[in-house]
Every structure is written in C-alpha cells, then in structure tokens.
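So that the names make sense, note that chain A is the first sequence line, chain B the second, and so on, each numbered from 1.
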Amino acid sequence: MQVLTTAPRPLPHRYETALQPHLTSRKIFPEPERVIIASWVRLEPTKKRRLLVVTNRAYYMLREPLLQRCTVCDPHLFCPTGPDPLQRFAFREVHEIALGWGAQPGMCQRVQILWSRHRVTLEKPAKALQFSLLPLHVADTIAKTIRNLNPLAHPAPMEVEAKTMRILREKLLEPATEEVRLYMQVEKLELSTGRVLPRVAVISSISLYLFIEDPSYFMCDPQLTAAERRSGRRDGMKLLQEDAKFRWSSLIEVDFLAGDQAVVAIRFQHGNMQLRFGDDFGLTTFKREVRRLMPGGVDTWRRSFGYQVGGHAGDKKSGASGAGSGADEEEQMQEDDDGHSDADGTGEHDDEVEVEEVEHEEF
Amino acid sequence: MLFAALEVPDDDLKVLVMECLEEMPLDNLQAPEVANIVSIVADCENLSLGRTEEILRHAFSIMSKLALDDGEEGAHFRRFHSATIHMALDILVRNTGRDTRSSNDETEEKTQLSVGCVNFLRAASADWPEGSELMQTRDAVDAMMAIMMNEETYGLQEVPIRIERTAVGSSVAALLQVLHTLDIKGEIAVRVLIRMAEVLEGRISDEEIASADAMEIRDTSKDTPDLIKQRILQHSNFVQLGGTSDLMRYLRENIPISPTMYTPTGVSARILSWAKKQQQLVDQQMVSTDEKTKDLPDIKIEGYEFLFTPHLHALSLDVASQNVDEVLRKGTVGAPNAADLETTSNEGQAVGVSFRVLLALIRYGTEATKRATLDALRDVSLLRTLICLADDVTNTTWYPANVGPNLLLIAQELIKMAPNTLKEDSSNVMLYDMLTVMLRSCMQMLQAKINKVIKAGLSSSQIKPMGEQEERLLRSVVLTYSVMCDTITHMHFADDTEVNRACKELTLQLLLSVAEMRELIKYLYYENLLSYAVWTAEEADAAMFRQATASSLTRLLAEHLCVNEDTRWELLETFARYEVEQKLALRPSFMQTLLMLVQRRMYETALEQLGLHASAHHGAPSPSPQV
C-alpha cells in the first residue's frame, strides 16, 4: 500500500526567505538551547518538588503541570502537557555556591545558590535557592555546570560548606576519636507502618547514626558557647537531631535486598532498620564504607543475587558469603528471628514492606 | 691571614683555607674578601690542575650562601658580582667537557664541581632577579646546550647534572631549542621534556616536583600572582613559538612510525557522505512540485520481538555474531600475554612526558592558549602520529608509564564540546574514527584480564584484580567513549531533523557498536565481583576507583541507550544473556538505576524541544515566591 506523505509545497516567498536570516541575526527569534542536565529536586525548606534545568544559556526552574499526568505515555512525551516554567536564572547573577558536606568528595546532595540581579548590600541581600536530592553526583554536577557557564572573568566561588561537619562533631558519641566516613541523605523505611522518612545516615568508625535533618538551618553557624546562644541568632545545631544510633560491634547482619530499589536491611543486636538510597550508586558507596570498617570481612554479609563467590577458598573471613555460608546464617537467623528476616533465604523482603513509590521515578 | 695563606702555592693548604672560609659566618666576610673569593673562580684556567676542583667547589658553596643571604653581605654580592653567573656557566661547560672516564678519582672530583656549580646557579635562580635575567640570555642558553651535549657524551648516568632545574631551564623557549640537539634515546631528552612539563604545570619547589602526578590535576588556586603570571607567560611563549608542532616534529623525526597504522577506517567518510546524500534528497523533495510516495512505516515495535525470541532463553543455541562467547574468544586469542609487558625505554618515557607537556598546556594555561593547542592537535595526521607513537613505545599495551591514559585524556579534551555551544561540527567524526581504533586495541588488551577475573570468580578460585595503570587505562577508555557518545548526540550532520537523527544513530552504530559496549559491560561484572569478594583495608582506594569507573560506564551506557534507539534492546539483552548463560548477575537496583538514567536523558532531550527560553519569558507566571 502506498500513501501520500508529502504534498506539493508552494515556493517560499522571497520576502520571507530574506527576513528569516535577518531576524535570526538580530536575535529576535529565541535561540534553541541545549539541555546539559535536568533533575527533579526538593526545594528547601518548602519541600516543594521542582524541575531544575541547566542549559547552555541559562538555568530554569519548572514545576509539575496542573493537569494530571497521562499514565500511558512515557514522561518525556509530556502528555498532556509538559512542566510549566517558573523562572529563568542567568548564570552571571550567581554570587556564591555552597555544596553540602558529604564527608567524601563527590558526595554532595544539597546545593545552595546565592543569586541576585542587583548589587548585594545589607539591605538587599542575595536570594537563596536551596535544594537537595537523593541520587549522588547530580547536585554537584548541577552546581559545577552553573559555575562553569558563568561568563564573568571571576565566576562565583564554589565551596563545600564546613558547618555541618562541626555540628556533627558535637553529636558524636566519641568526638575525639571517632572518624566520620560517610554522611548521606537516605530514606528510612518503617516496617511497622510502611512510612518512608527522610534521614541522614552517618557512618563513623564505631557507629551508625541516623539523624533527622532540618534543612532550614543549613549554613547556620552552630551556637556552641553560652554567650553565642544568648546572641539570639539561629542555632545551626538544630540542623541535626538524633534519631537512632548503633555500634558496629553489635552488627548481626547486612542484607542487600534483591529488588528494583536500592535498599539495605541492617540488623543489630538491639534493633534493625531498612534504608533506601537515591540510586544504586548510593547503596554501593554505603556498602563500601561499611566494608572498609571490617577489613577482615563480614561473616553475615548476604546478597541474594549473582554468582557464588567465596573469595579465598575456605576462608570464612574473606568477605562475600556464598550459598554455603548462607545456610549457616539462615540457621542463625531462624534462632533469633524477630519477624523481619527472610526464612526462605532469597533475601527478597519486598513483599513485607509496602513503601511509597520512589520519588525519582517521575522521569 | 686566611686569604694571605691562599697565595701559598700548596693545594692542600688552599683546600683547608677554603674549608675554614666555608664554615665562617657570612657577617665576617668583608667586600674585598668576597671579591677575593670571586677572583679565585674568575682566574681559574686549568680545572684539572691539582685540587682545583675542590677549591672551586668550596668557592661556589660560599657564593651560594651569599646569593641566598638576606643580609648586607648578600645584597652586596648580588649587586656587584652578577658576573659570577657567567663564570659558573663557563666553568660548568669546561668541566663537563672533560673526559675523565679513565680515572675514578678525577670523575668524582669533576662531578663534585659540576654539582657545586649547579647548586650555585639554582641558588642564584631563587631570589635574584638580575641573576635570573642573566641566565635567560642567549649565552646562557648556549651554555646549557653545550653542558647537555657534554653530559650526553661524557656524563655519568648515576649523577645527573640538572642544569635544567636552574633559571636557564625555566624558559620553554630555551628548552625547546635545546631539545632538538639531544638524542631521544638518551636520558637528557627525557629530563628536558620533564622540565618543560614542570614549567608549564607551574611546579617550582622541589617538593612539588618530587610529588608530581600527571594524572592528578594540580591545585593552582594557592599560587601567588607572580607564579601565575610566570606560568601563563610560559604558556604564551610555547604557543607563539609553535611548540606543539615543534615537539611533535621532534618525536616524528626520531621515532619511526608505521605509515598505515591507525589511519581512518573510512567509516567517518561513509557517514559524512551518507549524511550529505540524504540531505540532498530532502532538499530535492522540498523544491519539487511532484507528488512523492513513500512506503508505510514498519508497524512492528522495534526490539520487543527480539527480546522474546526463543534463542535468548535456549542455553545451548549459538546465534552467530550475537553470542557473547564470540566476543570472549576474540578477546582471549588476540590479546597479548601479561608476560609481554615491559617497562618503557627512554624513547617511551620521552613520548610519555611529551603527552604530559601537552596535558599541562591544556590544563594550566589560559583559554586562548588551550584553544590554540587544541587547534594545533585537531589534525588527523597529528592525532594519528600521537596514537602511533603511543602504540610503538608501549608495544600495544598502552598503559606503561600512563602513556595510553594520558593520550586519552588529551583526546577527551580534543573532542569535548564546550558547555556553552549548541552543536558540534560533523567533521570531527574523522578524529573519532581513529580514536575508536585505538580504543578497540586498548579494550582487546584489557578484555583478557577482565575475563580471567570473572572466570576465577565463577570457579571460586583466587581473584587478582588488574593493576593500577590498567585500571586507569580502562577508566580513560570509558570516559573517552562517554565524551564521544555525548558529542555525537549533539553533532550537526544535516539540516533536516530526521536525517540528522538517522546520521547520529548510524555514527553510534559504526563507532560505538553494540559489540564494544558488550565488552565494556563486562567491567560491571568484574567490579561487582571484586566489591563483594576479596577485600582488605588497603584495597579501599582501589575499590573506590573501580566504583567510579563503573559509575562512569553506567552513564555511558545510559547515553548510548538513550540516543541509539535501534540498538537499545539489543544492548539491554546483553544483561539477560549473561544472567541466563553464564549465571552472572548485577543487582536489580543497579539495572533500575541504569534505566532511570536512560529515562532522565530522554527527558532532558525532550525538554530541549519545549522552548524553555520563550516560555520562561512570555508564558510563565511570575517568579515563585519561595525563590
């Protein structure tokens, strides 16, 4: 079967042909832009979800359309309508960029951009655009791109803020000796209620901490002395509030759940928890840091996927436990089963927890 | 009295006097006494006579102290005795020109004097502007050239006379001039090239020079304005003198390279020709008034039928050219043995350091010098020369002395798109064509090692990860592919949108084929295996490095899956194939992350069509109150 695809076109008008390059050269037509990075972020402290788009010309903030999204079409088809642009920001307006502290390079999950269209004075301070997101290597990429595209000879300074580290030091069990290895925003899955709670997981050389974060205190100085507290300024110490802590010496089991989401279940002698990460890179980083603390290997290290690897043959301490050691662990688990471990040894806990959809599945 | 004793014609006494003077505080030296010491150096005619070398060595030692002294004596010396610079250079030329190989004692004395001279010149280079200026005159450069030639002929390899570390060698112009007189097989050519890299990187202190790692980017934020100015000046000089082509000419003249290896395979020419033809057809269609007919589009959903065909799940069924075992076999047969790896020669080191010089030019100069260097390198024959040189000096193993990784870093800068540009010129495909030949060669070499680890993992035997340099090479390969994929996405082949998209897909299929992606995917299994298997505390850094490589590879795959719709399912099928046939698996959450990244890239691409600029200005509501 043959179909007609191209109708005869009228010859373009001479005047129109001449006008088009003229208008393009006069920049009257908006130029097309190349999207370098785009990501849904959580604005702070309002917690609103916005789409931040960085192009080669400017960066934009967009919001979800008011109409309900089509559930049949892929998100990139923008059916029935795409996100609504809210604001356009020029790169040259950026005054300062602060990256959230992550205890390691490239672990930033929060960014604060100070921008202003005018000269910054005490009366007219720079406005703050602060956002965070769970997947790794996105927030810092956004910040770096914005900085690199700044056309000024001396672009805005970009530094990793150090106040969080000072605040965290005050909250540690043994601040003098404890070394902080990881500071990462995660989601805590509450098994009893099925709720998902935003938390900060901190791995130190002796403990695992979970903190509740109040991002409105980001970049506030901690008021440590009595005189400072009397000053009436906002106390940065309120950024972190302890939720739970466990010593690594009481670790029983670390279980990597075989599901689509990056979830790890950790059991300690006095409690257990499930943590969900922004993406698999977060889980891998968490796993690596836990592993670094136990160079001899984790006897109760479980994974329910992939091939069986014993590391050094016959060496129980050498890390990954395969099916053989898995059987011993199952016995041990059944002995002190508290209802959360999996009896079939597959490691799939997904049926037990009804958690909310992953936020970044928006794409 | 001590100076009166110097008049006595007894060398032993003179040496004793000089030793006493060396121990004496500088405050005690009066101006005539300093002049007396300088005259010892100036009046010396025969260096080999008696213990003259020792006397001169002590004299230079005292003068070094004076050159660095902050007091009145030092200032006086620097003001009135700048001629000592030329004296030292003259003595150094004469001393290095002596053939003392027949006598060990003479050789020892000669070396001591040369080292003393160089130490004085280094001291004079530190904080003596007039001294530094004198060392950058034509006479001084000629002297350095003569010293290096003498050293090449009569010198000791164990005790190098590092004249290039003085102010004479702090100018790239002088170093470039000297380089052409040196034999590439000797050590001095390598030293000159290293110095050139140090000058361009802005490394001044001995500590910085000792701890230099070309793979790490030096932090220049702590440099003083003077140092920055000096560094930028050297970059400008290098570019103005045509240093890049000069350096390449030196390498090409001294190292023979194959005339046929790493030439463009013709793929790029085919792509460009196809794009032109398709665009012509579209243009003809647009101006024509005839009715045109076209076949109905294929209604099959591309990819799905391939995913669910029986051959995927039939373990014993071998599908020609689609079975990953084919790739495995190819990798093991052609790959060189680990025992073939050898340390590089001086030629190899020279090539490695030349790459470091080019990297320094790209990294530490201004935008203008960087652009000039890249423009000089963005030449098909020059890039081919670079690849051939790297291949030649490493015996196609690429990683020794980080030659391959350094070259790939340069290549990444060459093909990387500026962030503020919208489109990339399609003529760069020629460069990609050659680079892919090199990348395939690198992967072929690394493939055998990855396979070995995976095989050992499957049989639960001892696992030995790749070496640090090999890991670096693999990371560079992944990053180069990644930059290439990203640039092809924004390449402008034709004006027509459909033709442009078809050209991009064709380019990806020919340059970053599925077979190559399959080879790269194996690294994910390798990394996953090692991250759960053998572990000690010392391996933490290596694990972090592997993880970063896996992360880069994931982004590359996401980009490839996003851009090339035709091969999307074929590539995803690879993961299923490994799982079914070889019992290899990755975390389901990893696969989910990969798919999420693909979706994000598709979303970002779709956003470009949204017309952000126009809608933000005309159609958007007032700015959000929370911002």
Side-chain angles (χ1 to χ4, degrees), chain A residues 1-6 8-9 30 32-38 43 46 48 53 55-57 60-61 75-76 78 82 84-88 127 129 145 148-149 256 258-262 279-281 283-284 288 291-292 295 297 303 305-313 318-320 360 363, chain B residues 285-286 289-296 419-422 457-458 460-463 490 528-529 531-537 540 543-544 547 551 583-590 592-593 596 599-600 602-608 610-617 619-621 623-624 626-627:
Chain A
M1 184 184 166
Q2 304 284 302
V3 288
L4 186 68
T5 53
T6 49
R9 291 182 175 211
E33 296 179 38
R34 174 162 70 97
V35 175
I36 295 170
I37 187 166
L43 286 187
T46 57
K48 288 183 179 174
V53 183
T55 72
N56 59 331
R57 295 271 172 201
Y60 299 85
M61 186 171 291
H76 66 271
F78 303 131
D84 296 327
L86 278 178
Q87 197 167 357
R88 182 182 196 266
K127 294 170 190 173
L129 168 63
T145 313
N148 288 343
L149 285 163
F256 298 93
D260 288 345
Q261 298 179 18
D279 54 16
D280 192 66
F281 302 139
L283 171 70
T284 315
R288 192 190 66 223
R291 199 61 191 264
R292 272 179 75 182
R303 61 193 188 115
F305 58 92
Y307 37 71
Q308 309 300 328
V309 180
H312 294 292
S318 64
H360 50 251
F363 284 112
Chain B
Q285 211 173 24
M286 280 185 77
T289 52
D290 298 336
E291 290 186 0
K292 291 280 167 70
T293 55
K294 197 176 176 182
D295 290 336
L296 269 178
N420 53 1
T421 52
L422 190 66
L458 286 168
S460 298
S461 55
Q462 185 83 35
I463 301 168
H490 297 100
N528 193 36
L529 174 64
S531 70
Y532 281 95
V534 188
W535 254 83
T536 60
M544 201 182 281
Q547 191 188 331
S551 171
K583 311 289 180 205
L584 294 170
L586 297 168
R587 283 180 301 280
S589 58
F590 171 81
Q592 189 64 28
T593 302
M596 191 191 79
Q599 278 189 325
R600 199 169 78 192
M602 290 168 78
Y603 197 81
E604 284 170 359
T605 313
L607 277 171
E608 286 176 5
L610 209 60
L612 290 171
H613 183 278
S615 47
H617 274 297
S624 176
Q626 74 276 355
V627 176

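Heavy-atom minimum distance, A:Val53 versus B:Leu607: CG2-CD1, 3.7 Å. For the pair A:His76 and B:Ala606, the tightest heavy-atom approach, listed with the atom from each and the gap, is O-CB, 3.2 Å. B:Met596 approaches A:Asp279 most closely through the heavy-atom pair CE-CB, 4.5 Å.
Although no hydrogens or angles enter the test, the distance criterion places a donor-acceptor pair under 3.5 Å between the side chain of B:Glu608 and the main chain of A:Val35. In this structure, the side chain of A:Arg34 engages the main chain of B:Pro419 through a donor-acceptor pair within 3.5 Å.
Contacts between A:Leu283 and chain B at a heavy-atom distance below 4.5 Å involve the side chain alone, from C-beta outward. Only the side chain of B:Thr593 has a heavy atom closer than 4.5 Å to any heavy atom of chain A. There is no contact between B:Thr605 and chain A, counting heavy-atom distances below 4.5 Å.
Among A:Asp280, A:Thr284, A:Ile36, the residue making the largest number of heavy-atom pairs under 4.5 Å with chain B is A:Asp280.
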